[in-house]
Novice: 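Got a structure here, written out as C-alpha cells. Questions coming.
Being a predicted model, the structure only gives us computed values, none of them experimental.
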Amino acid sequence: MLNDPLFILVALACGVVGVILILGISNFGKEGIDNARRSNKYMRWRIIAQFVAVVLILVFVYIRRQMGGE
C-alpha cells in the first residue's frame, strides 16, 4: 500500500488537515481581532482541506475495490 501514489496523496492530505487544524487552534488562545480573523481563515481552509481529503479517501477506496483489493 505504501507504493500506491494515491495512498501517499491521501496521507499527505490528512497531514495537511492536521497542520491547518493545529495552526487554527493555536491562534484561538491569542487575543486580538487579527488573531480571531486568522483563526477563522484557518478553520475555513481546514474545511476545504477536509473535503478534499474525504474525496480522495473515497476515490482510493473505490479504486481499490474495483481492482479487487490488490
Side-chain angles (χ1 to χ4, degrees):
M1 207 189 300
L2 292 176
N3 295 333
D4 189 352
L6 188 55
F7 176 77
I8 295 170
L9 189 62
V10 167
L12 286 174
C14 291
V16 167
V17 170
V19 168
I20 294 172
L21 178 63
I22 290 169
L23 288 172
I25 290 173
S26 68
N27 275 322
F28 277 136
K30 298 177 184 174
E31 292 188 23
I33 192 76
D34 290 333
N35 288 324
R37 287 186 182 140
R38 192 174 306 126
S39 288
N40 287 333
K41 185 180 357 175
Y42 284 140
M43 291 303 119
R44 277 180 264 157
W45 288 354
R46 181 188 52 86
I47 291 170
I48 294 167
Q50 270 184 295
F51 174 77
V52 171
V54 168
V55 168
L56 286 173
I57 290 168
L58 292 174
V59 169
F60 175 76
V61 169
Y62 176 77
I63 289 173
R64 294 292 282 191
R65 287 200 176 172
Q66 294 299 317
M67 294 174 56
E70 294 177 20

Novice: Show the nearest heavy-atom pair for residues Arg37 and Arg44, with the distance to one decimal.
Specialist: O-NH2, 4.4 Å

Novice: Using a side-chain heavy atom cutoff under 4.5 Å and only I, L, V, M, F, W and Y, what cluster partners does Val54 have?
Specialist: Leu58

Novice: So, for Gly24 and Ser39, which heavy atoms are closest and what is the spacing to 0.1 Å?
Specialist: O-OG, 3.4 Å

Novice: Determine the minimum heavy-atom distance between Tyr42 and Ile20, stating which atoms define it.
Specialist: O-CG2, 3.1 Å

Novice: Look up atom CG in Leu9 and atom CG in Asp4, then write down how far apart they are to the nearest 0.5 Å.
Specialist: 10.0 Å

Novice: Provide the full list of side chain to side chain donor-acceptor pair (under 3.5 Å) pairs with a residue in residues 46-61, sequence neighbours left out, each pair given once.
Specialist: Arg46-Gln50

Novice: Checking side-chain polar atoms at under 3.5 Å, does Asn35 have a donor or acceptor matched by the opposite partner on Arg38?
Specialist: yes

Novice: How about CZ on Phe28, more than 12 heavy atoms from neighbouring residues, nucleotides or ligands closer than 6.0 Å, or not?
Specialist: yes

Novice: Please check if Leu21 and Ile48 belong to a single hydrophobic cluster, counting links between Ile, Leu, Val, Met, Phe, Trp and Tyr side chain heavy atoms closer than 4.5 Å.
Specialist: no

Novice: Would you say Leu56 ends up clustered with Val16 if hydrophobic residues are merged whenever their side chains have heavy atoms under 4.5 Å apart, either directly or through other cluster members?
Specialist: no

Novice: Suppose clustering is done on Ile, Leu, Val, Met, Phe, Trp and Tyr with side-chain heavy atoms closer than 4.5 Å. Which residues sit in the same group as Leu12?
Specialist: Ile8

Novice: Is there a path from Leu6 to Val52 through hydrophobic residues (I, L, V, M, F, W, Y) whose side chains come within less than 4.5 Å of each other?
Specialist: yes

Novice: At what distance, to the nearest 0.5 angstrom, does CD1 of Ile57 lie from CZ of Phe7?
Specialist: 10.0 Å

Novice: Show the nearest heavy-atom pair for residues Val10 and Phe60, with the distance to one decimal.
Specialist: CG2-CB, 4.2 Å

